[in-house]
Amino acid sequence: YQRRVRGSHSDSHTEAQSSPVSLTALLTNMLTTSVLFLVCVTSLSFSSAYVSRVCSIKQAVAIAPTTTSVAITNHGGPVLSGPVTTVYFMMYGNWSKSAPLSDTSDGVDILKNWMSAFGGSSYMNMVKQYYHSLKTGNAYVSDQIKLGGVCDVGYNQGTPKLSDDNIWASIRSGIVSCQWTPDPNGVYFLLTSSDVTASTGFCTKYCGFHNYNTIGTTRIIYSFVGNPTRCLNTCAEQFESPNGNAGIDAMINIIAHELVESLTDPLFTTWYDSIGLESADKCAWTFGSTSYAPNGSKYNMVLDTPMGKKYYLIQQNLRLSSNTCAMSL
């Protein structure tokens, strides 16, 4: 998951064109950029699977906000191409707190309400361009998403500080305790309460990530998304949010990012560019045109949900046909 800093290399480039730069300054800038870039794109290995955790927080690294100049390509691996993708929410920690904290029953309802309306949206319609090739033709990602269930797994790892091993163990244990059948075409999200962190760098290195593993012979695609209430300055775009819950609204943005990448690059062998950025990474923390909700917060998506018309601020995604960041085809 990628988070950009305020400002960009493109801004610096424009300034460089309008004013002379000393050789010393230029070399210093190149060295700094190279170091930051290496920090940004360093990949992590877990259980022999690549973990998509690329440049995740807004203070991380100043990669240009529009990185679409480097094309994303199909490397031959699979996508999730079922007619409908089922999403499962596992709520880790204590989700029974009281407002103004984010991890409340109302917060869970906001998540459920959004996911119930997200499938088939104009935003999700963009993923239908992604495919893998079969002998009989191409198999395309579907824009149809359904919520398969929301399940409270408590502190099933007995700790508020999760390692990567804990995260996978929580998912694996949760599938059993929630009485879900392991679903090779589903995406399992572990969503944590605000008192929970991750030892590998939640809030300081990333806001969420996706990965895969197996239960028996069944492939499991899963994602960790921490609670941005712990670090709104690094994992949220704004402190006031359309649904009156900044942590949950920020979590929705991160879930959307990880969901798109889980669909288009589930095993890290399919859609990514020459430096490893996946589709949502290419447009991370860019929001396009925004409007203002009655409470003054920004939004760029309106969905007709089971609870009525609701507003969300969700990052743009890569429109594959034009290699540009957008909110719809």
Side-chain angles (χ1 to χ4, degrees), residues 1 46-47 49-54 56 77-92 108 111-121 123-128 130-132 139-151 153 164 167-192 198 206-216 218-226 251-272 278-281 284 314-315 317-318:
Y1 192 73
F46 167 55
S47 299
Y50 178 91
V51 181
S52 176
R53 240 184 328 225
V54 182
S56 53
V79 297
L80 287 186
S81 59
V84 179
T85 299
T86 303
V87 168
Y88 304 87
F89 285 163
M90 294 184 187
M91 316 308 293
Y92 186 96
V108 176
L111 289 168
K112 291 162 54 177
N113 193 50
W114 165 69
M115 185 53 71
S116 296
F118 193 49
S121 64
Y123 182 92
M124 284 302 297
N125 194 246
M126 287 190 287
V127 304
K128 292 168 65 177
Y130 293 85
Y131 63 90
H132 67 253
Y140 288 86
V141 176
S142 172
D143 65 342
Q144 298 301 306
I145 305 293
K146 72 174 183 179
L147 184 61
V150 178
C151 184
V153 298
D164 283 350
I167 289 168
W168 167 240
S170 181
I171 294 281
R172 185 180 57 212
S173 174
I175 290 174
V176 175
S177 64
C178 297
Q179 298 184 330
W180 292 333
T181 301
D183 183 355
N185 292 310
V187 182
Y188 295 88
F189 283 89
L190 190 70
L191 309 178
T192 59
Y206 60 85
C207 304
F209 62 83
H210 70 97
N211 200 0
Y212 70 95
N213 212 309
T214 58
I215 295 178
T218 303
R219 179 192 64 194
I220 301 296
I221 309 300
Y222 69 93
S223 173
F224 166 87
V225 177
M251 185 175 271
I252 284 171
N253 177 48
I254 301 165
I255 293 171
H257 178 119
E258 300 304 336
L259 175 59
V260 165
E261 293 184 343
S262 295
L263 293 171
T264 60
D265 194 29
L267 308 183
F268 316 113
T269 57
T270 318
W271 288 97
Y272 55 90
E278 299 171 301
S279 57
D281 294 328
I314 293 178
Q315 69 151 80
N317 193 25
L318 187 68

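Any value given below was found using the heavy atoms of this structure, including those in side chains, with hydrogens, waters and symmetry copies removed. Note that the numbering runs from 1 along the sequence shown for the chain.
Of the possible donor and acceptor atoms, one in the side chain of Trp271 sits under 3.5 Å from a partner among the backbone N and O of Tyr131. Listed for the Asn253 side chain is a donor-acceptor partner under 3.5 Å among the backbone atoms of Gln315. Checked by atom type and distance alone, the side chain of Thr270 pairs as donor or acceptor with a backbone atom of Pro78 at under 3.5 Å.
Side-chain contact between Phe209 and Ile167 is present, with heavy atoms from C-beta onward closer than 4.5 Å. Using a 4.5 Å heavy-atom threshold, the side chains of Leu191 and Ile255 count as touching. Residues Leu111 and Ile252 meet the side-chain proximity criterion, which asks for heavy atoms closer than 4.5 Å. Contact check for Thr85 versus Met124: no side-chain heavy atoms found under the 4.5 Å cut-off.
In this structure, Gln144 and Pro83 approach most closely via the heavy-atom pair CB-O, 3.5 Å. Counting all heavy atoms, side chain and backbone alike, Gly82 lies closest to Ser142 at O-CB, 3.2 Å. The two atoms that bring His210 and Ser262 nearest to each other are CB-OG, 3.4 Å, heavy atoms only. Shown here for Ile145 and Met115, the closest heavy-atom pair between the two residues is CG2-SD, 3.6 Å. Residue Cys207 comes nearest to Ile254 through the heavy atom pair CB-CD1, 3.6 Å, listed as atom of the first residue, atom of the second, then distance. Of all the heavy atoms in Val153 and Ser170, the pair that sits closest is CG2-OG, 4.2 Å.
In this structure Ser223 satisfies the side-chain hydrogen bond (donor to acceptor under 3.5 Å, both in side chains) test with no other residue, sequence neighbours excluded. In terms of the side-chain hydrogen bond (donor to acceptor under 3.5 Å, both in side chains) criterion, residue partners of Thr264 (sequence neighbours excluded) are, by chain and number, Ser279. In this structure, the ring-ring contact (aromatic ring centres under 6.0 Å, His included) partners of Phe118, at least two apart in sequence or on a different chain, are Trp114, Tyr123. With sequence neighbours left out, the side chain to side chain contact (heavy atoms under 4.5 Å, CB included) criterion links Lys112 to Val108, Asp109, Leu147, Val150.
With values rounded to the nearest 0.5 angstrom, Glu258 atom CD is found 10.5 Å from Phe224 atom CZ. Here CE of Met251 is found 5.0 Å from OG1 of Thr192. Values are rounded to the nearest 0.5 Å. Atom OH of Tyr222 sits about 10.0 Å away from atom OH of Tyr212, to the nearest 0.5 Å. Atom-to-atom distance recorded for Ile221:CD1 and Asp265:CG is 10.0 Å, nearest 0.5 angstrom.
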side-chain hydrogen bond (donor to acceptor under 3.5 Å, both in side chains) between Asp281 and His257: does it pass, once the steps are laid out?
CA-CA 8 Å; Asp281 294 328; His257 178 119; 3.1 Å; yes

Should Val127 and Leu259 be marked as a side-chain contact (heavy atoms from CB on, under 4.5 Å) after you check the CA-CA gap, both sets of side-chain angles, and the distance that decides it?
CA-CA 10 Å; Val127 304; Leu259 175 59; over 6 Å; no

Without placing hydrogens or testing angles, list every side-chain donor-acceptor pair under 3.5 Å for residues 180-190, not counting sequence neighbours.
unit_1: Asp183; atom_1: OD1; unit_2: Asn185; atom_2: N; d: 2.9
unit_1: Asp183; atom_1: OD1; unit_2: Gly186; atom_2: N; d: 3.3
unit_1: Asp183; atom_1: OD2; unit_2: Tyr88; atom_2: OH; d: 2.8
unit_1: Tyr188; atom_1: OH; unit_2: Thr181; atom_2: O; d: 3.2
unit_1: Tyr188; atom_1: OH; unit_2: Asp183; atom_2: N; d: 2.9

Listing, residues 171-178 side-chain donor-acceptor contacts under 3.5 Å, not counting sequence neighbours, or none:
unit_1: Ser177; atom_1: OG; unit_2: Ser173; atom_2: O; d: 3.4
unit_1: Ser177; atom_1: OG; unit_2: Gly174; atom_2: O; d: 3.4

